[in-house]
Every structure is written in C-alpha cells, then in structure tokens.
Amino acid sequence: MSAPATPPVKLRPEIVALPAYRQGKTVEGGFKLSSNENPFDPLPGVLKAAQAANEVLNRYPNGFAPELSARLANRHNVDLSQVIIGAGSVALLAQFVIAAAGAGDEVIYSWRSFEAYPLLPVMSGAVSVQVPNRPDHGHDLPAMATAITERTRLVIVCTPNNPTSTIVTKTEFAEFMALVPSDLLVILDEAYGEFVTDPDAVSGFPLLASYPNLVVLRTFSKAYGLAGLRIGYGLGPTAVIDAARSASIPLSVTHQAQQAALASLDHEGELLERVGHIAALRTTIWKGLTAQGWSVPEPQGNFVWLATGDDTNEAVAILTRNGIMARPFHPEGIRISIGESESVEKLLLSTEEIVQNLSKRRAAQPVR
C-alpha cells in the first residue's frame with residue numbers, strides 16, 4: 001500500500017517538506033562503504049564492558065554520565081560543568097541549535113556538508129544559510145563570516161568536512177574567529193577528528209580557553225567504533241552547555257554506551273592503532289584515485305570524495321554492480337568510506353571502470 005501524498009493530520013509544512021534522513025545502503029556479498037563506519041569488530045574489552053551493563057537493563061541510566069564526564073573533563077583540562085554527553089554528536093548539535101536559534105533566527109554552515117545540518121534549524125523554527133564550498137571542496141570561511149547578520153545565532157564549522165573529507169586549518173579558523181562577533185555561538189564539529197594527519201589542521205580543544213563562544217563536538221561512533229551505541233560529547237562554556245542540557249531528551253544516553261565509551265578510553269592505544277591502519281588505507285586509495293586521473297581533495301576523514309557531478313548516478317551504478325555500496329549526493333558527488341583492506345582492490349578497479357566508461361561516453365558525444 002503506497003503512502004498518501006499528504007499526511008492525514010495537521011503537521012508543520014516545513015517539516016513535511018524536508019527530505020527524510022536516509023541511512024547508507026548495504027549490498028549483499030559486497031562492501032558497505034556508505035556510512036563512514038569503523039570496519040573493525042569491537043575490541044573484546046569494550047564488548048565485555050557493554051555486555052556487563054546489560055545486567056541493569058531494568059534501570060534508567062544516569063543521564064549526566066558522571067563517570068565519563070569526569071574522565072573527559074580531566075583529559076581535556078576543563079571543569080566538569082563544561083562537558084556534555086549525548087546520543088551521538090549530531091544529537092548534541094540538535095540540542096545546541098534548539099538552545100540558540102528560534103523562529104526567524106539563522107544558522108550558517110558550509111554546503112555541501114553533513115546532510116543532517118539542513119534538518120536541524122527547521123526543527124527549531126530557524127532558517128538555514130548555506131554558504132557554498134570553495135572549488136577545492138573546503139569551507140569558504142571568509143564567505144561564511146560575511147553571511148553573518150543580526151539574525152545569526154549559530155555557525156557550524158565541520159572539519160574534516162563530511163562528505164568532502166577536507167579540513168579547516170589553524171590559520172583559517174583563527175582568521176575566521178577574528179571576524180565572528182564574540183557573542184555568536186560557533187560549533188566546531190570534529191566527528192572525524194581522530195583520523196586527521198595534517199599538522200596544519202585546526203583542533204578545537206586547545207582553543208576553548210581562547211574563545212568563550214566556542215563549542216567543540218566529538219563522537220565515539222567513528223574512530224572508537226561505537227556507532228551502534230550512539231554516544232558523543234561536547235566541550236564548551238558552562239552557561240552554553242547548561243542551555244544545551246536543558247534542550248536534551250532526558251536519559252537518552254544508555255548505560256551500555258557510557259560503559260563502552262569508558263572502556264574505549266581504557267583501550268585507546270589499540271583503537272588508535274586501528275585508526276592509523278584506516279588512515280594508511282585512505283592514503284593508498286587516494287593515491288590510486290589520483291593516478292587514475294581523479295581530482296580528489298586530500299582526505300582527512302575516514303572517507304574520500306569523488307566529484308562526479310551529473311555522472312553521479314552512473315558512477316554509483318558501476319560501484320554497486322561491482323559490490324561497492326557508496327553514498328551518492330546527486331548531482332555533486334560520491335562519498336566512499338574506508339572499509340576493510342579487502343575492499344581496496346575492488347574499489348580501485350571500480351573507479352577505473354568509471355573513468356573508462358565516462359571517457360568513452362564523452363568521446364562519443366558530438367562536438368557542439
């Protein structure tokens with residue numbers, strides 16, 4: 001039975017008009033490289049901690065995650081009141097948007113960027129202001145600063161940017177913050193921060209003491225491999241953190257997630273070895289793509305970006321036929337996650353086939 005064209009009840013038209021968030025698809029017998037997941041199985045110690053937490057499934061979790069919050073406060077040399085734990089960094093971002101921006105206010109972010117960004121301002125009644133990426137697919141921070149008006153309540157900076165895998169440098173961010181009003185909230189979304197190897201990339205944690213309007217978001221979903229448990233954290237000024245806490249859904253972070261995050265910090269050395277392995281595969285793939293003739297921004301997340309433009313659907317069809325499930329963003333490009341080592345050869349063979357097919361098609365087109 002097909003869904004009705006219009007809802008049977010009265011709903012907010014701006015919400016109904018939004019495209020629903022879609023998860024990355026899988027392909028049977030192939031490689032799922034569509035969701036930026038960590039391909040490694042959980043470490044035994046992390047799995048054991050999460051399973052032990054099952055013994056208290058009949059009890060509500062402590063919504064403030066005090067043990068994890070204290071651990072993170074000590075780790076980053078901030079007050080406990082400056083730490084907030086949420087059901088993933090995107091859930092926290094939603095809380096900050098709700099806390100900062102209401103009807104008629106503006107939220108600025110680069111585009112294309114994380115596909116959930118356009119959903120969040122609408123939910124709070126605010127308006128998205130999308131600033132196009134530079135030709136090299138990075139943030140155009142000067143343009144973002146120029147877009148700030150009296151109605152702007154929040155600016156999101158995503159580094160490494162999802163889906164283009166580009167970073168914001170230390171210098172770029174410092175110049176940007178010099179242009180931003182000191183009473184305007186800036187969110188530095190560093191969900192993929194652990195994968196960064198560029199020494200010039202900005203890191204938000206050391207900057208918290210310098211900018212009283214800055215909040216930094218991180219997640220345990222990517223580098224730490226806890227995507228299935230949904231847990232992330234933010235650091236920022238106490239008053240801003242308190243406001244976001246007021247906008248949260250109570251008790252949304254499970255006890256299992258909290259214990260798994262703590263165990264992940266205990267086993268961080270092993271986990272970061274895996275991150276290094278993923279980064280090495282990323283370099284191999286990037287070099288392979290550039291050798292094939294692709295113009296690919298040097299990736300700093302656990303994914304690469306192919307700017308396939310109007311050929312996106314055809315390119316995705318070739319990848320899927322070869323057992324590679326990637327994430328298309330038509331008509332701009334394709335995001336491909338770094339997966340298992342075994343996926344690399346098949347991926348590069350597929351991208352070579354895309355190059356050959358598109359070259360043949362373009363050569364066959366009449367000159368106008």
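By convention here, the first residue in the shown sequence is residue 1.
No side-chain donor from either of Ser182 and Asn213 sits under 3.5 Å from a side-chain acceptor of the other. Side-chain contact annotation: Arg282 with Ser165, donor-acceptor N/O pair under 3.5 Å absent. A donor and an acceptor atom, one from each side chain of Ser341 and His277, are located under 3.5 Å apart. Between the side chains of Glu353 and Asn322, at least one donor N or O sits under 3.5 Å from an acceptor N or O.
Annotation for Glu14: atom CD counts as buried by contact number, over 12 foreign heavy atoms lying within 6.0 Å. Around atom CZ of Phe64, no more than 12 heavy atoms belonging to other residues, nucleotides or ligands sit under 6.0 Å away. By the 6.0 Å contact criterion, CG on Asn54 is enclosed, its count of non-hydrogen atoms from other residues, nucleotides or ligands being greater than 12. Within a 6.0 Å sphere centred on CG of Leu18, heavy atoms belonging to other residues, nucleotides or ligands number more than 12.
Nearest heavy-atom pair across Ser264 and Leu271 is O-CD1, 3.4 Å. Closest approach of Ile84 to Arg245, counting heavy atoms only: CD1-N, 3.8 Å. Across Pro61 and Gln258, no two heavy atoms sit closer than the pair CB-NE2, 4.0 Å.
Between Thr152 and Val129 the shortest side-chain heavy-atom distance does not fall below 4.5 Å. Residues Asn38 and Asn302 have side chains not in contact (no heavy-atom distance under 4.5 Å, counting atoms from C-beta outward). In this structure, Ser337 and Arg327 have side chains that are not in contact, with every pair of non-hydrogen atoms separated by 4.5 Å or more. Using a 4.5 Å heavy-atom threshold, the side chains of Glu270 and Phe40 count as separate. Inter-residue side-chain proximity for Leu43 and Arg274 is flagged as met; some heavy-atom pair is nearer than 4.5 Å.
Each of Gln292, Lys346, Gln356 was checked for a side-chain hydrogen bond (donor to acceptor under 3.5 Å, both in side chains) with Thr351, and the lone residue meeting it is Gln292. Just one of Leu120, Leu119, Val122 meets the side chain to side chain contact (heavy atoms under 4.5 Å, CB included) condition when paired with Val97; it is Leu120. Ile187 pairs with exactly one of Val155, Leu92, Val107, Leu93 by the side chain to side chain contact (heavy atoms under 4.5 Å, CB included) rule, that one being Leu93.
Ile156 and Leu185 fall within the same hydrophobic cluster, where Ile, Leu, Val, Met, Phe, Trp and Tyr residues are linked whenever their side-chain heavy atoms come under 4.5 Å apart, directly or through other members. Using a 4.5 Å cut-off between side-chain heavy atoms of Ile, Leu, Val, Met, Phe, Trp and Tyr, with links allowed through other members, Phe31 and Ile318 fall into the same hydrophobic cluster.
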field: Derivation and outcome, side chain to side chain donor-acceptor pair (under 3.5 Å), residues Tyr109 and Asp189
entry: CA-CA 11 Å; Tyr109 51 89; Asp189 186 348; over 6 Å; no
task: List the steps, then state whether side-chain contact (heavy atoms from CB on, under 4.5 Å) holds for Leu68 with Leu265.
output: CA-CA 9 Å; Leu68 179 60; Leu265 295 175; 4.0 Å; yes
query: Given the rule in the side-chain contact (heavy atoms from CB on, under 4.5 Å) test, do Phe205 and Val78 qualify, once you have shown the distances and angles that lead to the verdict?
result: CA-CA 10 Å; Phe205 295 138; Val78 297; over 6 Å; no
- request: Give the intermediate values and the outcome of side-chain contact (heavy atoms from CB on, under 4.5 Å) for residues Val202 and Leu207.
  value: CA-CA 9 Å; Val202 68; Leu207 302 179; 3.7 Å; yes
- prompt: Between Thr308 and Trp294, does a side-chain contact (heavy atoms from CB on, under 4.5 Å) hold up when you go through it step by step?
  reply: CA-CA 9 Å; Thr308 46; Trp294 291 95; 3.8 Å; yes
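Ring-plane geometry between Tyr117 and Phe114 is classed as perpendicular, the angle between the planes exceeding 60 degrees on a 0 to 90 degree scale with a lower cut at 30. Aromatic ring orientation, Phe176 versus Phe173: tilted (interplanar angle from 30° to 60°).
Atoms CG and NE2, on Leu57 and His255 in that order, are 9.5 Å from each other to the nearest 0.5 Å.
We find that Arg71 and Glu268 are not joined by a salt bridge, their nearest charged nitrogen and carboxylate oxygen being 4.0 Å or further apart.
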